[in-house]
Chemist: 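Before I ask anything, let me first share the structure, which is written out below as structure tokens.
Computed over heavy atoms, backbone and side chain alike; hydrogens, waters and symmetry mates excluded. Just so you know, ligand 1 is whichever comes first in the structure, and atom 1 is the first atom listed for that ligand. Keep in mind it's a predicted model, so treat the numbers as computed, not measured.
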Amino acid sequence: MIEYQLYVDGEFCEASDGNRFTSTNPATGEKWATAPGATEVDVDRAVRAARRALIEGDWPTLTATERGRLLSRLADLVAESAHHLGSVETTDSGKLAAETRAQSAYVADYYRYYAGLADKIQGDTLPIDKPDLHVYTTREPVGVVAAIVPWNAEMFLTATKVGPALAAGNTVVIKASEVAPAPLLEFARVVDKVGFPPGVINLITGFGEPCGRSLTSHPLVDKVAFTGGVDTARNVVANTAHNLAPVTLELGGKSPILVFDDADFDGAVNGAVAGNFGASGQSCVAGSRVFVQSGIYDKFVAEVVHRAESICIGDPLADDTQMGPLATQAQRDRCESVVAESAAQGAIVHTGGCRPIGLDNGWYYRPTVLGCPDQKILSTQVEIFGPVMSVLRFDAEDEAVNMANDTEFGLGAGIFTNDVARVHRVSKAIRSGIVWVNTYRAVSPIAPFGGFGLSGSGREAGVDAIHEFTTTKTIWINTSAEPMVNPFTMR
Ligand code: TXE
């Protein structure tokens, strides 16, 4: 059993009350690691360390270029450790090693991108409407950032917050998910080698109560960057009623994939498979409502069923595995209950809808394809966070767009067509933060990421993310040779 520690103020430590919780390997159902459950005292210590690092010591006096150099070194060390970090993430979350290792390597590019941006954050000189005044703005760090991440892509979702936050000169307290705490505590070992001043990056683990609640409501926290579920987001926003910290929310979705008759058929099938069965469907951008035009509907369903049944399910660390388990037993229970209820409402279970034979110890669930007559079916309405694809038929373009937009979410959308005018028309009409055309699930440090509606607010990645972690300061300078006039004699 591996025993991890918190990382606070540049040191590894236990929780103040010595409390630990156990993490389970979803592929085997076995307990494999323990992590400290941070208390309110630990949270307070971490936030105060971040606050000290923000205003005292080396960090606030570093030039932006020097901050960039530290981020660049972090990028190099993450790249060197990518294989190991990916393996730990797989053991803790059940996500495919092929994906976690590649993603950890790509995470280094996120830090590298923000290393480059650090000394390109600049303000403006304003053509002010008054004489003898020189007015300019600077972009200032917001302050202490609380970064809350879920279990489904911890290294990645940490980088999308920590990269821009540090580039802009903030300090951070990162809270890992209680479901899979190990990857970030392993990441702490990498962070420790970089040479950041103590307190610039703090990593803690614990539960929503007390850890998440006391972090997001802490009076010295200036900004909250959250990824997770909608209900938790509501709690987080309520918590920030205490400190009035601005919040960035990256939540879930019920993203549509629209497949038109004229699409490249194989490409569209690949998009639907990637959007639903990649990461066992545990992805915020899962394209879990697939709208297929009538002319190819039957052929499309037959092919996605064939592809779902060909997926090699098993040990996520093994090279030939294509789909691992779900992260928790609760996630599998949710797949089972939503699929059962959807079938009772009239959805056709074309394939899946059950556990795979011979994989009795982990939280495995077969890739599932549901034929849904309409969007009254439960599986078309709720975020399942599992390998469950709901397929719906449409005839006309505006019918597909209306159905696609008939959701409270708005994170991603896929459009498969070879009609260029339709690409622009439908991209404009779909209400979502990201639209992928003839591709799906692509991300980049350079491209903003975020949603409309219940999918969240604010943007991660790209230059946009810098704006989330900076605030404007306006500086007014009297350039007149005369001293400021008496306000009571002003004309
Ligand atoms: O996330 P939670 P969970 C969706 C998905 C999933 C559901 C629940 O549908 O089934 O959310 O997943 C911390 N104050 N997504 O339970 O609970 C918590 O400790 C502050 C979508 O894993 O939202 C964890 O670190 N923090 C999503 C983090 O919030 C609190 C990814 C996320 O936990 C808190 C994951 C509180 N009061 C799940 N309570 C996506 N967008 O990709 C909990 N937390």
Side-chain angles (χ1 to χ4, degrees), residues 21 23 26 35 37-38 40 43 47 92-95 103 146-158 160-161 173-181 183-185 203-218 221 224-243 245 247-255 278-286 288 326-335 337-338 363 365 379 381-388 408-412 433-434 441 443 449-451 453-458 460:
F21 63 96
S23 195
E40 288 193 26
V43 169
V47 173
D92 218 18
S93 71
K95 197 166 168 176
Q103 201 170 54
I148 313 264
V149 292
W151 42 265
N152 64 324
E154 284 200 315
M155 288 295 297
F156 174 75
L157 295 167
T158 298
T160 57
K161 297 168 181 59
V173 178
I174 308 158
K175 185 192 122 27
S177 164
E178 61 274 32
V179 171
L184 285 192
L185 296 178
L203 282 129
I204 59 175
T205 49
F207 292 81
E209 178 59 41
C211 180
R213 194 249 316 136
S214 56
L215 177 58
T216 48
S217 59
H218 197 289
V221 162
V224 176
F226 172 81
T227 303
V230 173
D231 290 340
T232 316
R234 292 196 171 103
N235 287 332
V236 166
V237 171
N239 295 344
T240 58
H242 296 276
N243 51 20
V247 186
T248 315
L249 300 172
E250 202 273 276
L251 312 178
K254 197 69 206 169
S255 300
S280 305
Q282 300 174 118
S283 163
C284 51
V285 292
S288 51
L326 296 168
T328 61
Q329 192 164 6
Q331 284 296 128
R332 185 173 64 184
D333 291 350
R334 178 162 174 77
C335 292
S337 71
V338 173
W363 323 128
Y365 191 71
S379 69
Q381 295 174 355
V382 296
E383 182 178 46
I384 304 171
F385 233 57
V388 180
E408 293 176 299
F409 292 106
L411 188 53
I434 309 154
R441 227 174 148 234
V443 291
F449 184 100
L454 290 191
S455 290
S457 57
E460 300 202 312

Chemist: Backbone, side chain, both or neither: what part of Glu178 comes under 4.0 angstrom of ligand 1, heavy atoms only?
Modeler: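 It is the side chain that gets close, since no backbone atom is under 4.0 Å.
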Chemist: For residues Asn243 and Ser217, report the shortest heavy-atom separation together with the two atoms involved.
Modeler: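 It is ND2-C, 3.5 Å.
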Chemist: What protein heavy atom sits nearest atom 44 (N) of ligand 1, and how far off is it?
Modeler: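 Sorting protein heavy atoms by distance from atom 44 (N) of ligand 1 puts Thr232 CG2, 3.4 Å first.
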Chemist: As an exercise, identify every atom of ligand 1 less than 4.0 angstrom from a heavy atom of Asn239.
Modeler: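 Atoms satisfying the 4.0 Å criterion: 14 (N), 37 (N).
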Chemist: Would you mind checking which non-hydrogen protein atom is closest to atom 10 (O) of ligand 1, with the distance to 0.1 Å?
Modeler: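 Protein heavy atom with the smallest distance to atom 10 (O) of ligand 1: Gln331 OE1, 3.0 Å.
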Chemist: Determine whether a donor-acceptor pair (N or O, by modelled atom type, separation under 3.5 Å) exists between the side chain of Glu154 and the backbone of Ser177.
Modeler: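 Side chain of Glu154 to backbone of Ser177, a donor-acceptor pair under 3.5 Å: yes, one is there.
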Chemist: With atoms numbered from 1 as shown, which atoms in ligand 1 lie under 4.0 angstrom from a non-hydrogen atom of Cys284?
Modeler: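 The atoms of ligand 1 under 4.0 Å from a heavy atom of Cys284 are 40 (C), 41 (N), 42 (O).
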Chemist: Are any of the protein's heavy atoms under 4.0 angstrom from atom 8 (C) of ligand 1, yes or no?
Modeler: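 So atom 8 (C) of ligand 1 lacks protein heavy-atom neighbours under 4.0 Å.
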Chemist: Can you check whether Asp231 reaches Arg234 side chain to side chain, under 4.5 Å on heavy atoms?
Modeler: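 Yes, side chains in contact.
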Chemist: Quick one: does Pro387's side chain get under 4.5 Å of Leu326's, heavy atoms only?
Modeler: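 Contact flag for Pro387/Leu326 side chains = yes.
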Chemist: Side-chain contact, heavy-atom cut-off 4.5 Å: Phe409 with Val230?
Modeler: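 Of all side-chain heavy-atom pairs linking Val230 with Phe409, at least one is under 4.5 Å.
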Chemist: Does any N or O atom in Pro150 lie less than 3.5 angstrom from one in ligand 1, N or O only?
Modeler: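 No: no nitrogen or oxygen of Pro150 is under 3.5 Å from one in ligand 1.
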Chemist: Could you report the tightest heavy-atom contact between Gly206 and Lys175, atom names first, then the distance?
Modeler: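 In terms of heavy atoms, the two residues are closest at O-NZ, 2.8 Å.
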Chemist: Under 4.0 Å from a heavy atom of Asn152: which atoms of ligand 1 are those, numbered in the order shown and with their elements?
Modeler: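 Numbered from 1, ligand 1 contributes 31 (C), 35 (C), 42 (O).
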Chemist: Going by the atom numbers of ligand 1, which of them fall below 4.0 Å from some non-hydrogen atom of Thr227?
Modeler: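 Answer, ordered by atom number: 32 (C), 40 (C), 41 (N).
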Chemist: Of the non-hydrogen atoms in Leu411 and Leu251, which two are nearest, and what is the gap between them?
Modeler: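 In this case the closest contact between Leu411 and Leu251 is CD2-O, 3.8 Å.
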Chemist: Would you check the N or O atoms of Ser283, main chain and side chain alike, for any that come under 3.5 Å of an N or O of ligand 1?
Modeler: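 No; every N/O pair is 3.5 Å or more apart.
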Chemist: Are side-chain heavy atoms of Leu157 and Asn152 found at a separation under 4.5 Å?
Modeler: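 Answer yes - side chains close enough.
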Chemist: How close does the nearest protein non-hydrogen atom get to atom 11 (O) of ligand 1, and which residue and atom is it?
Modeler: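 Result: Gly229 CA, 3.1 Å.
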Chemist: Give the atom numbers and elements of ligand 1 that come within less than 4.0 Å of a heavy atom of Gly212.
Modeler: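 By the 4.0 Å cutoff, the relevant atoms are 14 (N), 20 (C), 26 (N).
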Chemist: Of the non-hydrogen atoms in Gly252 and Glu383, which two are nearest, and what is the gap between them?
Modeler: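 Looking at all heavy atoms of both residues, the closest pair is CA-OE2, 3.1 Å.
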Chemist: Between Asn235 and ligand 1, does any nitrogen or oxygen pair lie at a separation below 3.5 Å?
Modeler: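 Among all N and O atoms of Asn235, none is under 3.5 Å from an N or O of ligand 1.
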Chemist: Hey, which atoms in ligand 1 end up nearer than 4.0 Å to a heavy atom of Ile148?
Modeler: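 Near Ile148, meaning under 4.0 Å from one of its heavy atoms, ligand 1 has 13 (C), 25 (O), 26 (N), 28 (C), 29 (O).
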Chemist: Look at the side chain of Ser280 and the backbone N and O of Gln282, then say whether any donor-acceptor pair between them is shorter than 3.5 Å.
Modeler: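 Between the backbone of Gln282 and the side chain of Ser280 there is no qualifying donor-acceptor contact (under 3.5 Å).
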Chemist: Quick check on contacts: which atoms of ligand 1 are under 4.0 angstrom from a heavy atom of Glu250?
Modeler: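 Those atoms are 41 (N).
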Chemist: Please tell me if atom 16 (O) of ligand 1 is touched by the protein, where touching means a protein heavy-atom distance below 4.0 Å.
Modeler: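 Under the 4.0 Å cut-off, atom 16 (O) of ligand 1 has no protein heavy-atom neighbours at all.
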Chemist: Does some side-chain heavy atom of Val237 sit less than 4.5 Å from a side-chain heavy atom of Phe226?
Modeler: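 SC-SC contact between Phe226 and Val237 ruled out.
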Chemist: Taking the basic N atoms (NZ, or NE/NH1/NH2) and the acidic carboxylate oxygens, is any pair closer than 4.0 Å for Lys254 and Glu408?
Modeler: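 Salt bridge absent between Lys254 and Glu408.
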Chemist: In ligand 1, which numbered atoms sit nearer than 4.0 Å to a non-hydrogen atom of Leu251?
Modeler: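 Those of ligand 1 that fall under 4.0 Å from Leu251 are 41 (N).
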Chemist: Is there a nitrogen or oxygen of Val149 sitting under 3.5 Å from a nitrogen or oxygen of ligand 1?
Modeler: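 Right, the criterion is met.
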Chemist: Do me a favour and list the nearest non-hydrogen protein atom to atom 4 (C) of ligand 1 with residue, atom name and distance?
Modeler: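 The closest heavy atom on the protein side is Glu383 OE1, 3.5 Å.
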Chemist: Within the structure, is a non-hydrogen atom of Ala176 found at a distance of less than 4.0 Å from ligand 1?
Modeler: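 Yes, Ala176 has heavy atoms under 4.0 Å from ligand 1.
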Chemist: Are Thr227 and Lys161 packed together at the side-chain level, in the sense that at least one heavy-atom pair is separated by less than 4.5 angstrom?
Modeler: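 A side-chain contact exists here, since the closest heavy-atom pair is under 4.5 Å.
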Chemist: Can you report which non-hydrogen protein atom sits closest to atom 22 (O) of ligand 1, along with the distance?
Modeler: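 Ranking protein heavy atoms by distance from atom 22 (O) of ligand 1, first comes Trp151 NE1, 2.5 Å.
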